[in-house]
Number of protein chains: 2
Amino acid sequence: MIHPAELIQRKRDGGELEAGELAELVLGYARGDVPDYQMAAFCMAIYFRGLSSAETFALTDAMIRSGATIDLGSALGRKVVDKHSTGGVGDKTSIAVGPIVAACGVPFGKMSGRGLGHTGGTLDKLESIPGFRVELGLDEFVAQVREIGLAIVGQSADLVPADKRLYALRDVTATVDNLSLIAASIMSKKIAAGADAIVLDVKVGDGAFMKSVEDAQALAEMMIELGDRAGREVVCLLTDMDQPLGRAVGNALEIREALETLRGQGPPDFTDLVLDAAGRLLALSDLGVDDAEGRRRAERAVADGSALRAYESWIRAQGGDPDEEALPAAPVVRPVPAPRDGYVAELGAGAIGLAALRLSAGRATKDDPIDHAVGIRCLCKRGDAVEEGAPLAEVHARDESTAGTAAAEVAAAYRIDAEAPRARPLLIEVVHG
Amino acid sequence: MIHPAELIQRKRDGGELEAGELAELVLGYARGDVPDYQMAAFCMAIYFRGLSSAETFALTDAMIRSGATIDLGSALGRKVVDKHSTGGVGDKTSIAVGPIVAACGVPFGKMSGRGLGHTGGTLDKLESIPGFRVELGLDEFVAQVREIGLAIVGQSADLVPADKRLYALRDVTATVDNLSLIAASIMSKKIAAGADAIVLDVKVGDGAFMKSVEDAQALAEMMIELGDRAGREVVCLLTDMDQPLGRAVGNALEIREALETLRGQGPPDFTDLVLDAAGRLLALSDLGVDDAEGRRRAERAVADGSALRAYESWIRAQGGDPDEEALPAAPVVRPVPAPRDGYVAELGAGAIGLAALRLSAGRATKDDPIDHAVGIRCLCKRGDAVEEGAPLAEVHARDESTAGTAAAEVAAAYRIDAEAPRARPLLIEVVHG
């Protein structure tokens with residue numbers, strides 16, 4: 001029998017917990033035997049004292065053991081890959097990467113979450129497709145990956161229930177931002193969901209959770225180690241989130257952009273990230289190719305239309321209508337004109353995300369409804385030359401009033417300078433195990 | 001509307017909260033609007049970041065405002081004094097001080113708590129007196145102080161309900177030991193209970209909450225400042241708790257020792273502290289005397305029997321039988337012999353407290369029953385010369401088995417050296433405002 005107060009005190013005083021103690025605490029919490037208030041104090045002690053590498057692994061392992069797990073590889077007799085992003089503004093990468101990877105013959109099975117803040121999560125974006133079902137049973141999930149090579153579904157409540165409870169608690173007790181807790185939360189879900197190899201896109205910057213490259217590196221190294229201890233190959237891409245990814249921010253708008261990209265007509269920054277991530281996933285797969293060959297195959301799947309066909313069969317398999325015309329459109333589209341000639345020096349991802357949130361593209365609290373049609377299209381990105389009066393962006397809104405407010409917020413998110421800014425790459429660093 | 005998560009985060013990040021924000025948080029918590037888990041995270045953030053002087057006062061003030069308050073001075077038209085101890089092993093000081101002060105014509109009204117760990121609290125000790133009622137209504141409390149000049153009662157649930165809830169939470173979340181939270185908890189109750197002047201006995205050492213003189217000084221200064229801001233005079237005595245106070249440890253045994261002391265036959269260390277505290281209370285009262293004259297009057301009240309008579313009328317007023325013979329006695333009394341000739345070099349208060357707790361003189365958890373008859377009498381104290389085989393202490397137990405275990409624990413609490421230890425005073429320091 002553990003005494004939670006003693007474990008809290010030991011962590012508070014800078015001590016280390018045994019794996020068995022952490023397991024009892026986490027599993028007791030998942031069962032409801034350890035109350036929220038003790039876990040809240042424990043998380044705050046972790047915020048100040050941190051967790052060792054061994055503790056972080058024990059926590060992750062205990063969270064996995066709190067629920068069911070899937071062994072996708074054994075179920076399919078193939079190596080299965082997955083891709084995850086720590087979340088940013090305009091991040092619809094998985095929706096384009098999945099079909100490309102599947103088109104190249106590699107099974108892609110992903111469980112995803114809903115978004116809180118900014119724009120929606122991947123699930124919210126997919127739900128802007130009429131008819132699309134995100135709630136598949138575990139058996140349906142596995143069967144769909146086996147049959148068409150691709151499924152993106154909601155996080156099953158059967159998997160890692162401890163994380164679900166703990167994340168909700170951390171969210172209201174100011175204990176979200178600790179690298180060990182973040183790494184354990186992400187990796188417990190990825191490991192439980194069964195992929196053998198994972199590409200993690202760690203967003204860095206103003207619109208992301210990680211504000212500094214140093215923090216992102218530390219998180220990446222921690223997640224790679226957790227994957228390694230669980231026998232999973234993990235590659236982390238550190239990518240820029242000082243400005244939104246691509247142009248579209250908002251659920252249906254982002255699906256449209258993913259479709260454009262699968263047709264080879266996407267924005268250059270987003271297209272590059274999609275092809276890079278897809279190429280690395282192919283290199284991690286059982287195809288036996290390197291990153292360069294993976295990237296070439298990804299490019300070919302876009303060029304020959306097989307990626308678009310994989311998208312269509314995937315959307316149909318989950319009950320959705322893959323036709324772009326079926327997506328909802330906002331009744332009001334208002335341009336945001338450039339105030340002067342010059343260059344886009346900054347385009348604040350955080351500010352754009354917040355403007356989209358206020359348009360109802362995202363949720364302020366977990367019960368808020370989402371308007372799938374609304375959002376923002378950033379026609380000009382950092383470094384682009386602009387002319388006074390020409391549109392910097394478009395606001396897609398439900399009505400004139402919210403359009404007006406959002407247009408002012410979007411205008412304020414842009415900084416126009418006389419000089420072109422120094423170019424900054426989207427891909428900052430690749431961290432391997 | 002405050003957002004608790006934002007306030008937790010600000011404190012976590014080292015920021016300061018406004019008085020109004022702290023008040024909303026504490027009052028919301030007392031009402032049940034702010035959940036335990038947010039308060040637990042907040043207390044842990046306070047553990048690491050501390051509270052400023054202004055925040056500590058705002059917290060104290062909000063806790064007072066969570067319930068009723070008593071204005072004893074106005075009710076009586078007199079200056080009322082109170083005495084409080086931060087708690088130690090064998091501390092029955094208030095039970096002897098109250099009657100002495102009352103016998104000298106100064107009203108003494110005290111609300112007290114129950115003990116957790118070690119031996120019981122003052123209430124538990126008083127409840128070893130057959131018939132004694134500790135649960136008086138606020139009106140009864142005030143009336144009794146008016147009529148006989150003395151009442152010691154249980155903390156009213158109407159006073160400082162926020163502290164009651166918060167203390168129970170801190171106890172199970174490893175957030176007890178923060179000086180600001182301790183000071184606010186003590187002073188909110190003292191201020192709400194209405195005394196104009198308070199002597200606080202801050203125990204320091206192995207058997208006390210404050211292990212170092214520095215921490216005790218810091219706590220004393222904080223409590224004096226809180227009293228000052230609320231218009232109360234506070235004097236703090238820092239006293240030694242490396243060894244138990246007096247000889248008796250255990251509820252009825254301590255009542256007997258208080259009675260011996262009121263008869264002028266108490267142990268020297270305890271008698272000296274009682275007379276010192278009583279003298280200072282008289283000096284703080286409206287009698288217009290200094291500490292030295294206060295002490296002389298206290299000595300006279302013991303010598304002339306008026307203190308003992310005040311004790312008897314007080315116990316009767318609360319329904320108890322003041323006759324010493326009425327107190328429960330343990331069936332088994334076992335001596336603990338000295339293992340060799342020498343001097344008592346150490347007598348661990350913590351170890352004696354724990355042995356008494358195991359005999360059932362105290363509570364390990366708040367629902368444990370107390371055996372009022374059992375306990376330990378430390379016949380030899382630090383510095384005393386002892387002879388091999390002569391009794392160091394007596395264990396008073398319910399049966400032979402618990403007596404044997406306790407005797408071994410008590411023996412282990414004594415360290416006998418060939419040389420006499422350096423004398424250490426009981427009263428370490430007096431801290432004035």
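Convention: sequence-line order gives letters A, B, ...; per-chain numbering from 1. Note: hydrogens, waters and symmetry copies are ignored here, and every other heavy atom, side chains too, is used. It should be emphasised that the depicted structure is a prediction, and the values quoted were computed from it without experimental measurement.
Between chain B and the options A:Met44, A:Gln38, A:Arg12, the largest number of non-hydrogen pairs under 4.5 Å is found for A:Arg12. Top candidate by heavy-atom pairs under 4.5 Å with chain A, chosen from B:Pro35, B:Ala5, B:Ala40, B:Ala41, is B:Ala41. The choice from A:Met39, A:Lys11, A:Arg49 that makes the most heavy-atom pairs within less than 4.5 Å of chain B is A:Arg49. The choice from B:Thr175, B:Thr173, B:Asp36 that makes the most heavy-atom pairs within less than 4.5 Å of chain A is B:Thr173.
Of the two parts of A:Tyr47, only the side chain, counted from C-beta on, holds a non-hydrogen atom closer than 4.5 Å to a non-hydrogen atom of chain B. Using a 4.5 Å cut-off between heavy atoms, A:Leu169 contacts chain B through its side chain alone, with no backbone atom that close.
In this structure a side-chain-to-backbone donor-acceptor pair under 3.5 Å is present from B:Ser66 to B:Met63. Side chain of A:Arg398 to main chain of A:Leu359: no donor-acceptor pair is present (N/O by atom type, distance under 3.5 Å, no hydrogens or angles).
Side chains of A:Asp91 and A:Ser85: a donor on one and an acceptor on the other come within 3.5 Å.
Checking A:Asn178, A:Asp177, A:Val176 one by one against A:Arg170, the side-chain contact (heavy atoms from CB on, under 4.5 Å) holds for a single residue, A:Val176.
Rounding to the nearest 0.5 Å gives a distance of 7.0 Å between CG of B:Leu166 and CG of B:Leu59.
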